[in-house]
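Okay, handing you the structure first.
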Amino acid sequence: MKKISFILILVLSVLGLSKAENLDGYQLFDKIVLVVNGEPVLKSDVEFAKEWYKIKDEKQAQEKIIDSILLSQQARKLGISVSPKEVDNALLSIAKANNIQDLETFKKELEKNGISYTKLREFITRDLISNKFLHFYLRDYITKGIVEGSVEDVKKIRMIYISKDRQDYESVVKLLKEKLNKNNFSEYATKYSDDKFTAENGGLLGEVKKGDLAEDLDKEVFSRKEGEIFQVDTKEGTYFIYIEKDEKKLIPKENLTEKDMEKLKREYDIYLKKLREKAVIQRFE
């Protein structure tokens, strides 16, 4: 959560603007400045990124956004995503660091100070996805051939998240209870899920091991078998989860040496360079 803590400065200093002044300015400078593989980046995203990454230079902030988008795009192609609960937990950590104990109060405080809760959530989601991608892909890449580790139960899952904030919450949940099956799960995830990152991939969250998910989801997922579809209700909404595959895998040791970390950094730079070479990046000054 180290990167997430960077936002604390943003939460604590709002550039002296009132909410109304900030919103007026927001409307004036909010325009598309970049498009990364078809994904637009707004001027307001760049301003937000300057605080998020603690960068004063606009060009550097743009490059950071490009890297983050490229990694998250690649992660989603490989079926790697994060659940809304994981994002909520990250946001709650920020809130508690600011002596706020619940997300609703935190959201109101942000909005009162002219900070976009939606944009904060988007940045955190993208960073969490990127970090998970680095953990699952690049770390596995440099530990090939290393057999030290433990054999664990790994489940490939798809999910549909229906938020209680939506007006048709009850009717959608009722529909899914009656109609959902393994053949239409991907279609319904794309159509109905409120988690846009998994919805883009037919609800695919990817492979998870015990402890990767929020506690309430983790307990249910690892008490189920391959092929099962089940419902998990939370305070925020309802999850429908499909255990697509269940297998035993060797999970490499968690602790990497300094040499391993240096190798990981080199592989990261090489991989990112390759993504940039293949990317279509349009800039609008």
Side-chain angles (χ1 to χ4, degrees), residues 38-39 72-92 103-104 107 117-133 135-136 153-247:
E39 189 168 332
S72 64
Q73 286 176 343
Q74 191 65 14
R76 296 199 296 273
K77 287 179 182 178
L78 297 175
I80 297 172
S81 188
V82 294
S83 68
K85 192 67 175 179
E86 289 176 276
V87 180
D88 286 344
N89 287 340
L91 285 165
L92 191 57
L103 286 182
E104 191 58 37
K107 182 178 180 180
Y117 177 81
T118 300
K119 197 167 293 295
L120 172 58
R121 191 177 183 91
E122 287 177 358
F123 267 70
I124 287 178
T125 300
R126 195 164 62 213
D127 270 8
L128 288 175
I129 291 174
S130 298
N131 289 337
K132 185 175 283 191
F133 169 71
H135 175 79
F136 280 109
D153 185 14
V154 176
K155 297 182 187 288
K156 180 181 179 181
I157 67 174
R158 292 182 186 269
M159 64 168 236
I160 300 173
Y161 173 64
I162 308 300
S163 171
K164 287 183 178 178
D165 290 336
R166 60 189 291 170
Q167 293 183 346
D168 60 351
Y169 167 77
E170 292 185 1
S171 62
V172 172
V173 169
K174 183 175 184 294
L175 171 69
L176 294 176
K177 281 183 178 180
E178 295 173 352
K179 303 289 187 180
L180 195 61
N181 60 59
K182 64 180 182 180
N183 295 321
N184 62 23
F185 197 98
S186 294
E187 176 190 346
Y188 280 17
T190 301
K191 185 175 181 179
Y192 293 110
S193 183
D194 290 316
D195 178 35
K196 69 175 184 177
F197 292 101
T198 53
E200 290 175 359
N201 291 313
L204 185 63
L205 185 61
E207 292 185 342
V208 296
K209 58 183 177 61
K210 194 165 182 60
D212 282 346
L213 301 173
E215 186 177 351
D216 47 357
L217 295 178
D218 201 75
K219 183 178 179 181
E220 285 293 332
V221 166
F222 285 90
S223 66
R224 304 285 181 157
K225 298 178 180 179
E226 184 174 319
E228 286 192 61
I229 295 176
F230 55 95
Q231 176 181 338
V232 180
D233 294 313
T234 68
K235 292 180 180 179
E236 295 81 17
T238 295
Y239 292 86
F240 290 89
I241 299 174
Y242 171 34
I243 309 294
E244 193 169 279
K245 191 174 183 180
D246 188 354
E247 59 183 333

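The residues of the chain are indexed from 1 along the displayed sequence.
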**Asked** salt bridge (Lys or Arg N to Asp or Glu O under 4.0 Å) with D168: which residues, sequence neighbours excluded?
**Response**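 Listed in chain order: R166.
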**Message:** Quick one: does any side-chain atom of K164 pair with a main-chain N or O of T234 as donor and acceptor, under 3.5 Å?
**Reply:**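 Indeed, once roles are kept as given, a pair shorter than 3.5 Å links the two residues.
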**Point-to-point distance, once rounded to the nearest 0.5 Å, from NZ of K179 to CD of E187** =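 The distance works out to 12.0 Å.
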**Prompt:** Taking R158 for the side chain and T198 for the main chain, is one N or O donor matched with an acceptor at less than 3.5 Å?
**Reply:**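 Not at all, since once roles are kept as given, no pair shorter than 3.5 Å links the two residues.
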**Prompt:** Judged by atom type as modelled, is there a donor-acceptor pair below 3.5 Å linking the side chain of S193 to the main-chain atoms of Y161?
**Reply:**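 Pair found, side chain donor or acceptor close to backbone of Y161.
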**Item:** Residue list, salt bridge (Lys or Arg N to Asp or Glu O under 4.0 Å) with D216, at least two apart or on another chain
**Value:**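 Testing D216 for salt bridge (Lys or Arg N to Asp or Glu O under 4.0 Å), a comparison that skips the adjacent residues, returns none.
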**Request:** Drop me the distance from K156's NZ to Y242's OH, to the nearest 0.5 angstrom.
**Result:**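 Result: 9.5 Å between the selected atoms.
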**Asked** Looking only at heavy atoms, what is the nearest atom pair of F222 and V208, with distance?
**Response**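 Scanning both residues, the minimum pair turns out to be CZ-O, 3.6 Å.
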**Asked** Should Y169 and T238 be marked as a side-chain hydrogen bond (donor to acceptor under 3.5 Å, both in side chains) after you check the CA-CA gap, both sets of side-chain angles, and the distance that decides it?
**Response** CA-CA 9 Å; Y169 167 77; T238 295; 2.6 Å; yes
**Request:** Verify, without hydrogens or angle tests, whether T190 (side chain) and E200 (backbone) share a donor-acceptor contact under 3.5 angstrom.
**Result:**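 Absent.
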**Item:** Closest contact, heavy atoms only, A90 versus I124
**Value:**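 Closest heavy-atom pair between A90 and I124: CB-CG2, 3.8 Å.
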**Message:** Within the structure provided, determine whether I243 and K182 are in side-chain contact (heavy-atom separation under 4.5 Å).
**Reply:**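 With C-beta onward as the side chain, the pair stays apart.
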**Asked** Measuring from L205:CG to I157:CD1, what's the distance to the nearest 0.5 Å?
**Response**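 If I round to the nearest 0.5 Å, the distance is 4.5 Å.
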**Message:** Distance check, rounded to the nearest 0.5 Å: K174 atom NZ versus E170 atom CD?
**Reply:**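 With rounding to 0.5 Å, NZ (K174) is 11.0 Å from CD (E170).
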**Prompt:** Can you list the residues that meet the salt bridge (Lys or Arg N to Asp or Glu O under 4.0 Å) rule with E220, with sequence neighbours excluded?
**Reply:**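 Per chain and number, E220 pairs via salt bridge (Lys or Arg N to Asp or Glu O under 4.0 Å) with R224.
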**Prompt:** From E122 CD over to S72 OG, what is the distance, rounded to the nearest 0.5 angstrom?
**Reply:**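 Answer for the CD-OG pair, E122 versus S72, is 11.0 Å.
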**Request:** State the CZ-CG distance between F240 and L176, to the nearest 0.5 angstrom.
**Result:**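 Rounded to the nearest 0.5 Å, the CZ-CG separation comes to 4.5 Å.
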**Asked** Is the backbone N or O of D127 less than 3.5 Å from a side-chain atom of N131, with the two atoms forming a donor-acceptor pair by type?
**Response**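 A pair under 3.5 Å: yes.
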**Asked** Among D233, V232, I160, whose side-chain contact (heavy atoms from CB on, under 4.5 Å) with Y239 holds?
**Response**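 Considering D233, V232, I160, a side-chain contact (heavy atoms from CB on, under 4.5 Å) with Y239 is found only for V232.
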**Prompt:** Tell me, do K245 and E226 make a side-chain contact under 4.5 Å, heavy atoms counted?
**Reply:**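 Heavy-atom side-chain distance check passes, below 4.5 Å.
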